[in-house]
Amino acid sequence: MIKEQIQKILDSCFIEGVKQELWSDGAAGSYTVELPKHASQGDYSTNMAMIMAGREKKNPRELAAQLTAKLSEHTELFDKVEIAGPGFVNFFVRDDVWQSVIKPVCDQAYTYGSSEIGQNKKVLVEFVSANPTGPLSIGHGRQAVLGDSIARLLEATGHDVTREYYYNDAGRQMRVLGQSTRARYMEILGLESDFPEDGYQGEYIYDIARKLVAEKGDSLKDTEDVVPFKERAEQEIFANITDTLARLDIKFDSYYNEHSLYEKGLVDDVVVNLREKGLVYDLDGAVWFKTTEFGQEKDRVIIKSTGEPTYRLPDIAYHREKLRRGFDWLVNIFGSDHIATVPDVLAGIRALGYDDSKVTVVLHQFVTLTREGKQVKMSTRKANFITVDELFDEVGPDVIRFFFLMRKADSQLEFDLDLATRESQENPVFYVQYANARLRSIQKKAVEKNITRIPLEKASLDKLTLPEEMNMLKALAAFPELVESAALDLSPHRIIFFLMDLAGQFHSYYNRHLVISDDPELTQARLWLAESLRIVFHNGLRLVGLSAPESM
RNA sequence: GCGCCUGUAGCUCAGCUGGAUAGAGCAACGGACUUCUAAUCCGUAGGUCGCAGGUUCAAAUCCUGCCAGGCGUACCA
């Protein structure tokens, strides 16, 4: 908000200069207000003079001097305005402007940082979307946490968010799951069984088979049909998955079954539609989609010669359906192994006459697991992977969420099992939560000492003059902008880094200065600062689904 | 071969649409608890931002070419 004020003032000075013919309007829209790295360079700076100089072949420092003269008149906001370096103009904002940020923070309390920039735009966030063939692995965990945190950020910025889980219970994978379950069932009964070569070897299949034996005895032993086995396995595994997600405080608004697309004829309809447009053809008994017309290297099969569709076809139908359901923005969270599907789906919806710019795909790289400094290899089929559940039992939801959010999606994420499970105290999540708990503790102490906060209007906030205090106030002021950009860029990791930075500032301040001191006026001012810090810690933690404990 | 992602301190990673002296945590070393929680703090040390060119007043950031790693490149999902 302070940044916006500065931008406005800067714009008006720019226009004024154009009218006075000090410079042309060539630089309009290309100069920026930015945050300098060093305190000596002010609170904000602008590169306007250098941009103008580049276009007009004038001396940047001369232009900067003229700009500075205009800006210096705004004493309601600035202490001073300086020219520096090659032609930067640095703004030094008055202390009382920073001090005044406490009021909106405390007034808005748990809504501080939220906004309406999303304008109620309907967003569908699709994530996890794992087929029910086994428990959620660490890789799914990253996706679950990433998707849910992105959804939370979008909600906080005024979007109308739907969380959706898309799955397929009809494909080859599921048939193998049914066969695997049947084989284990027979095995438990002591009967001959043929475990499929590429079957699911996890212990959980035995659990499901045991339940079947307990419920049905050997009544299924002559059933050649794998469907009852598949259905039972699916039911159990899905219950397990939703339970795991619930433990992480992740809930979906809808589960979309791929099968329903076939039932409604929506898959066939895509083919008919594309055929009308001349974008599909038959070759070698298969049906091909002319993806080359959309900039790709080669055409792709959408229906195999066996008559079965490839994954592309239902995916295209599904995405068209999302758009038909009235969503303005489709956010898909995919693992990097799904890269190949993205261009096909985009080409598909474009071919069908829909706007593919409404689709944003967040691709996250893989999670590598290390234990004792060595990488652990994982495979769902061989069931030698670590599940989200197992991890949960060892470290709890906050550590899981925090670990997965500490990296941007583009980076491969190394999950150090020793660090996560061993000494949980070394974990940075506690560093942030501890700051929140300490702030609460200060407030409790004040109550014990019978010190109650006087109304904010009566507090002498001008007592907050320490550099540490000014820096924290500046961070508080920047929080709403941060939430906005983290939401629009779908980058929850920025919230994490902000919180770690602010926690560092606060811990340092805490060790050096007393909030509750002999000076009653100063104590009041600092108690209000503490309250606004606590609010921002709370809001930041909740925004990415972390808890904000009051004591630790 | 081609496409996407990554390469920044010993390790794990930030660095927003190019900006002025590249940051943090861990690990290492030395300090701080009769004061609001030491799950904390203070200090020291650590860098040719993979390499080479180019664009720009300004490049870790943009462009090109190499090198290294990951994921894809199926009539598997």
Side-chain angles (χ1 to χ4, degrees), chain A residues 32 34-38 40-41 45 47 49-51 53-54 60 84-88 90 129-131 133 168 171-173 198 258 283-288 296-298 300-312 314-315 335-343 363-366 368 370 373 406-414 416 419 423-431 433-435 437-446 448-449 481-482 485-486 488-489 491 493-494 496-497 500-501 503-504 506-517 523 526-527 530 551-552:
Chain A
T32 54
E34 41 205 49
L35 297 167
K37 282 178 192 160
H38 300 276
S40 62
Q41 295 161 355
S45 70
N47 56 358
M50 287 177 296
I51 300 275
F88 286 101
N90 296 338
S129 295
N131 287 341
T133 58
N168 176 22
R172 197 187 65 86
Q173 284 181 8
D198 52 355
E258 180 180 320
L283 181 72
D284 300 332
V287 180
W288 298 70
Q296 291 190 51
E297 256 183 278
K298 49 184 172 181
R300 302 291 181 182
V301 170
I302 51 174
I303 299 177
K304 302 184 233 175
S305 50
T306 60
E308 281 180 304
T310 63
Y311 63 90
R312 294 183 189 92
D315 274 5
S336 62
D337 54 337
H338 282 64
I339 291 175
T341 79
V342 176
L363 281 169
H364 66 87
Q365 296 293 314
F366 275 18
T368 54
T370 56
M406 274 199 308
R407 309 283 175 252
K408 59 182 180 207
D410 281 345
S411 297
Q412 283 181 48
L413 189 153
E414 180 168 317
D416 186 336
L419 181 67
E423 285 291 305
S424 50
Q425 298 187 356
E426 291 174 22
N427 218 296
V429 62
F430 297 108
Y431 186 76
Q433 292 181 326
Y434 189 49
R438 270 186 155 170
L439 284 158
R440 265 299 190 211
S441 170
I442 292 170
Q443 295 180 330
K444 282 178 200 155
K445 194 74 183 179
E448 278 173 30
K449 293 192 174 184
E481 287 165 26
L482 171 83
S485 70
L488 295 178
D489 293 348
S491 305
H493 76 277
R494 284 200 211 148
I496 297 289
F497 280 89
M500 290 200 288
D501 179 69
F506 170 69
H507 285 308
S508 175
Y509 174 71
Y510 178 93
N511 273 274
R512 214 190 279 263
H513 307 285
L514 283 174
V515 170
I516 301 167
S517 66
T523 299
R526 287 183 174 173
L527 280 173
S551 66
M552 288 174 73

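All chains are named by letter (A, B, ...) in the order of the sequence lines, taking the proteins before the strands, and each is independently numbered beginning at 1.
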Check every atom of C13(B), A20(B), C5(B) against the side chain of Ser411(A) and return the nucleotide holding the closest atom.
C13(B)
U21(B), C36(B), C41(B): which one has an atom nearest the side-chain heavy atoms of Ser40(A)?
U21(B)
Please determine if a side-chain N or O atom of Ser45(A) lies less than 4.0 Å away from the OP1 or OP2 oxygen of A20(B).
no
Pairwise C1' distance, C71(B) and A58(B) [rounded to whole Å]
36 Å
Candidates U40(B), A20(B), A14(B) - which lies nearest the side chain of Phe497(A)
A14(B)
Which value, rounded to the nearest 0.5 Å, describes the distance between His507(A) atom NE2 and Arg438(A) atom CZ?
6.0 Å
So, under a plain 3.5 Å distance rule, would you say the side chain of Asn90(A) forms a donor-acceptor pair with the base of A20(B)?
yes
Under 4.0 Å between any heavy atoms, over every strand shown, what does Ala530(A) touch: base, sugar-phosphate, or nothing? Just pick one.
nothing
Classify the glycosidic conformation of C33(B) as syn or anti, calling it syn when the angle lies within 90° of 0.
syn
Indicate whether OP1 or OP2 belonging to C33(B) is found under 4.0 Å from a side-chain N or O atom of Tyr510(A).
no
Side chain proximity check, Gln41(A) to Phe88(A), heavy atoms < 4.5 angstrom:
no
Decide whether Arg312(A) and Thr341(A) meet the rule of one side-chain donor and one side-chain acceptor closer than 3.5 Å.
no
Give a yes or no on whether a salt bridge exists between Asp489(A) and Lys408(A), defined as a side-chain N under 4.0 angstrom from a carboxylate O.
no
Choose from U40(B), C13(B), G19(B) the nucleotide whose nearest atom is closest to any side-chain atom of Pro86(A).
G19(B)
Under 4.0 Å, heavy atoms only, any strand: does Ile51(A) hit a base, just the sugar-phosphate, or nothing?
base
Euclidean distance for P, C62(B) against G69(B) (whole angstrom)
23 Å
Span that lies between the C1' atom of A28(B) and that of G10(B), in whole angstrom
10 Å
Applying side-chain contact (heavy atoms from CB on, under 4.5 Å) to Met552(A) and Gln433(A), what does each step give before you reach the verdict?
CA-CA 8 Å; Met552(A) 288 174 73; Gln433(A) 292 181 326; 3.8 Å; yes
For atom C1', what is the distance between G30(B) and U34(B), given to the nearest Å?
25 Å
On a whole-Å scale, what distance lies between the P atoms belonging to G53(B) and U61(B)?
14 Å
Are side-chain heavy atoms of Thr310(A) and Ile303(A) found at a separation under 4.5 Å?
no
Can you tell if the side chain of Arg300(A) reaches within under 4.5 Å of the side chain of Trp288(A), non-hydrogen atoms only?
no
How would nucleotides 70-77 of chain B be written as a contact map, 5' to 3', with B for base contact, S for sugar-phosphate-only contact and - for no contact, using protein heavy atoms under 4.0 Å?
BBSSSBSB
So if I take every side-chain heavy atom of Tyr434(A) and compare against G23(B), A38(B), A14(B), which nucleotide ends up nearest?
A38(B)
As a test of reading the structure: which of C36(B), A14(B), C41(B) is closest to the side chain of Ser508(A), going by heavy atoms?
C41(B)
Want to know the stems of RNA chain B: at least 3 consecutive Watson-Crick or G-U pairs with distances under 3.5 Å, which are they?
B:1-7 with B:67-73, B:10-13 with B:23-26, B:28-32 with B:40-44, B:50-54 with B:62-66
Distance test, side-chain N/O of Lys408(A) to OP1/OP2 of C13(B), below 4.0 Å:
no
Closer to the 5' end of RNA chain B via nearest nucleotide, is it Phe88(A) or Ile442(A)?
Phe88(A)
Distance in Å, Tyr509(A) OH paired with Arg526(A) CZ, rounded so as to fall on 0.5 Å steps:
4.0 Å
Are any of His364(A)'s side-chain N or O atoms less than 4.0 Å away from OP1 or OP2 of C5(B)?
no
